[in-house]
Amino acid sequence: MADYDLAIIGTGSGNSLVTPDFDGKRVAIIESGAFGGTCLNVGCIPTKMFVYAAEVAATVSHAGVFGIDARLEGVRWRDLRDRVFGRIDPISAGGQAYRVESENTTVFAGHAVFTGPRSLRVSTGEQFSAEQIVIATGGRPMVPEVVTQSGVAFETSDTIMRLDELPKRLVILGGGYISAEFAHVFSALGVEVSVVARGTRLLRHLDSEISDRFTQVAATRWDLHLGVETDKLSGDQRGVRLDFTDGSCAEADVLLVATGRVPNTDRLGLAAAGIQTLSDGRVKVDCHGRTNVEGVWALGDVSSDFQLKHVANHEARVIAHNLAHPRDLREFDHRYVPSAVFTAPQIASVGWTEDQVRAAGLNYVTATQAYGDTAYGWAMEDHTGICKLIADPGTGLLLGAHLMGYQASNLIQPLIQAMSFGQRVPELARGQYWIHPALMEVVENALLKLGLNEP
Ligand code: FAD
């Protein structure tokens, strides 16, 4: 008999696998870092708490447009930081204490490695077996060799939010969503921000129209170095300098490396268990979350195509069911996975990009509605926000939705809902009231502009 019924490696979404189905059973939980994982400690939640504060600061800075005289007199960085982590750290500690005290769970505060198909060793010395094991080890920031070999001091998303002082100048290496969110936070708080990326556009994973427009807006706020390779980093206690292959350079007090993330599989001893991985290092799973080794499952960033908390949570719900119901396995639903970038302007998207539908040879129509051409947009003096929709004229169904602007992550929800439940554009646009003059009229107008409405 195995020592445990279930062993969970990683307490991000893995922590939610301990459902009432495991009451009276023996569950081992192994965590090498902060309890609660990336989202709670160094990811979604603290970043969005900083983003909100940044938006308060930006609102003050832009108040003059509305005839309101206000000035951002200062930012108490330590107070801001301590408000965020004063909320988060106790939640992490409380979550751990709850599991330590629970009758059916045993917490191991260490790093787990496989020693066989269903056996583990923890860095704290314990070794045990389990009937079923779930790998929920997430990922970590990837730091390029050019940075590590330079010996220059740098921050990652794991550390930057805990700085003691707000820098005067920040240079961010990377052009993805983590870079865009931190660039927004720090620039709104008064820091001079430079962004360095190999690509010629920021947020290249998005619909290219959104990515282009965002890059244009970003260029008005941040010092952009796009289409460049960093070939030399130098620095001392006073700051850092990055030299690029095109002869230009960027200097700052602090360097943030945001060049992507790698799955936490390389230090897991997967070979000892015979667990297969994909070419990028993620654990290979089927639609039920099973690895190739019986009784071993994986979820979230360590295995998923999507590096998103709501996907990790969904996968955890499916696996929690499957662990307890081996004869009634559920499948992951990855059909309409939305995502948002909490930068400025905020961005949200779901479904296909126009490049993807074009490349797939699909018949499609698009419509774009500017925030600034609606009544609420006038109130906001919005000049950059858009809602772009892509639909199939044959079926009347939405194929993709891409919003850039205030509260895009909320405005997109009816479109996600329509796609998820197969609701057609004509019903969605005209089968309900839309509150006037709410900002949601941006979405209503974009739907009407698709020209798929029945009389
Ligand atoms: P994690 O939460 O990373 O949990 C893995 C856990 O496993 C960690 O606690 C780790 O310490 C532990 N671990 C690893 N290896 C071992 C081992 N060998 N032994 C024991 N323990 C181990 N997603 C969104 O949807 N929205 C957002 O706004 C968003 N913002 C983000 C902002 C930032 C800066 C970052 C970095 C990420 C953000 N994400 C966001 C992504 C989101 O945080 C992840 O998709 C999600 O947290 C993944 O959850 P997980 O359970 O797969 O892994």
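Both counts, for ligands and for their atoms, begin at 1 and track the order of listing. By convention here, the first residue in the shown sequence is residue 1.
- Between Thr11 and ligand 1, no pair of N/O atoms sits closer than 3.5 Å.
- At the top of the distance list for atom 2 (O) of ligand 1, counting protein heavy atoms only, stands Thr38 N, 2.9 Å.
- Annotation: Gly300 places no N or O atom under 3.5 Å from an N or O atom of ligand 1; distance criterion only.
- Closest protein heavy atom to atom 14 (C) of ligand 1: Thr137 O, 3.2 Å.
- For the pair Phe114 and Ala272, the tightest heavy-atom approach, listed with the atom from each and the gap, is O-CB, 3.5 Å.
- Of all non-hydrogen atoms in Leu299 and Ala312, the two that sit nearest each other are CD1-O, 4.1 Å.
- The distance from ligand 1 to the heavy atoms of Gln307 drops below 4.0 Å at these ligand atoms: 41 (C), 45 (O).
- In this structure, Tyr406 has its ring center at least 6.0 angstrom away from the ring center of Tyr371.
- Close contacts of ligand 1 with His111, meaning ligand atoms under 4.0 Å from a residue heavy atom, involve 17 (C), 18 (N), 19 (N).
- Only side-chain heavy atoms of Ile9 come within less than 4.0 Å of ligand 1; its backbone N, CA, C and O stay farther off.
- With hydrogens and angles ignored, the 3.5 Å screen pairs no side-chain donor or acceptor of Ser304 with any backbone N or O of Gln307.
- Judged by distance alone, with hydrogens and angles left aside, the side-chain atoms of Glu315 form a donor-acceptor pair with the main-chain N or O of Gly300 at under 3.5 Å.
- Among protein heavy atoms, the minimum distance from atom 36 (C) of ligand 1 is reached at Arg261 NH1, 3.3 Å.
- With Asp5 as the partner, the salt bridge (Lys or Arg N to Asp or Glu O under 4.0 Å) test is satisfied by one option alone out of Lys25, Arg118, Arg26: Arg26.
- In plain terms, the two heavy atoms of Leu397 and Gln423 that are nearest each other are CD2-O, 3.8 Å.
- Ligand 1 has a nitrogen or oxygen under 3.5 angstrom from a nitrogen or oxygen of Lys309.
- The nearest protein atom to atom 29 (C) of ligand 1, hydrogens excluded, is given as Cys44 SG, 3.4 Å; this is a heavy-atom distance.
- Although no hydrogens or angles enter the test, the distance criterion places a donor-acceptor pair under 3.5 Å between the side chain of Ser123 and the main chain of His111.
- In terms of protein heavy atoms, atom 33 (C) of ligand 1 is closest to Gly43 CA, 3.5 Å.
- Considering backbone and side-chain atoms alike, Glu181 places every N or O at 3.5 Å or more from each N or O of ligand 1.
- Using a 4.0 Å heavy-atom cutoff, Phe306 is absent from the residues neighbouring ligand 1.
- Numbered from 1 in the order shown, with element, the atoms of ligand 1 that lie under 4.0 Å from a heavy atom of Gly10 read 6 (C), 7 (O), 12 (C).
- Within ligand 1, the atoms closer than 4.0 Å to a non-hydrogen atom of Gly110 are 19 (N), 20 (C), numbered from 1 in the order shown.
- Using a 4.0 Å cut-off between heavy atoms, Phe35 makes no contact with ligand 1 at all.
- Side chain of His184 to main chain of Ala180: no donor-acceptor pair is present (N/O by atom type, distance under 3.5 Å, no hydrogens or angles).
- The shortest N or O to N or O distance between Val302 and ligand 1 is not below 3.5 Å.
- No close placement of the Phe186 and Trp222 rings is indicated, their centers lying 6.0 Å or farther apart.
- The backbone N or O of Glu354 sits less than 3.5 Å from a side-chain atom of Asp207, completing a donor-acceptor pair.
- The atoms of ligand 1 that sit less than 4.0 Å from any heavy atom of Asn264 are 14 (C).
- Remark: Glu381 CD is packed, more than 12 non-hydrogen atoms of other residues, nucleotides or ligands lying under 6.0 Å away.
- The shortest contact between atom 51 (O) of ligand 1 and any protein heavy atom is with Ser13 N, 2.8 Å.
- Ligand 1 places these atoms under 4.0 Å from at least one heavy atom of Ala136: 4 (O), 5 (C), 6 (C), 7 (O).
- Of the protein's non-hydrogen atoms, Glu31 OE2, 2.5 Å is the one closest to atom 11 (O) of ligand 1.
- With sequence neighbours excluded, no residue forms a salt bridge (charged side-chain N to carboxylate O under 4.0 Å, His left out) with Glu31.
- The backbone N or O of Gly281 lies less than 3.5 Å from a partner atom in the side chain of Thr265, making a donor-acceptor pair.
- Only the side chain of Leu268 comes within contact range of ligand 1, with a heavy atom under 4.0 Å; no backbone atom does.
- The Gly33 neighbourhood of ligand 1 comprises atoms 11 (O), with distances under 4.0 Å to a heavy atom of that residue.
- With a heavy-atom cut-off of 4.0 Å, Leu308 touches ligand 1 through backbone and side chain alike.
- Ligand-side atoms of ligand 1 in range of His310: 25 (O), range being under 4.0 angstrom from any heavy atom.
- Scanning Ser409, Ala112, Ala109 for the heavy atom closest to atom 19 (N) of ligand 1 points to Ala112.
- Taking the centre of each ring, Phe342 and Tyr177 stay at or above the 6.0 Å mark.
- Shortest contact from atom 49 (O) of ligand 1 to any protein heavy atom: Ala312 CB, 3.8 Å.
- The backbone N or O of Asn15 lies less than 3.5 Å from a partner atom in the side chain of Arg99, making a donor-acceptor pair.
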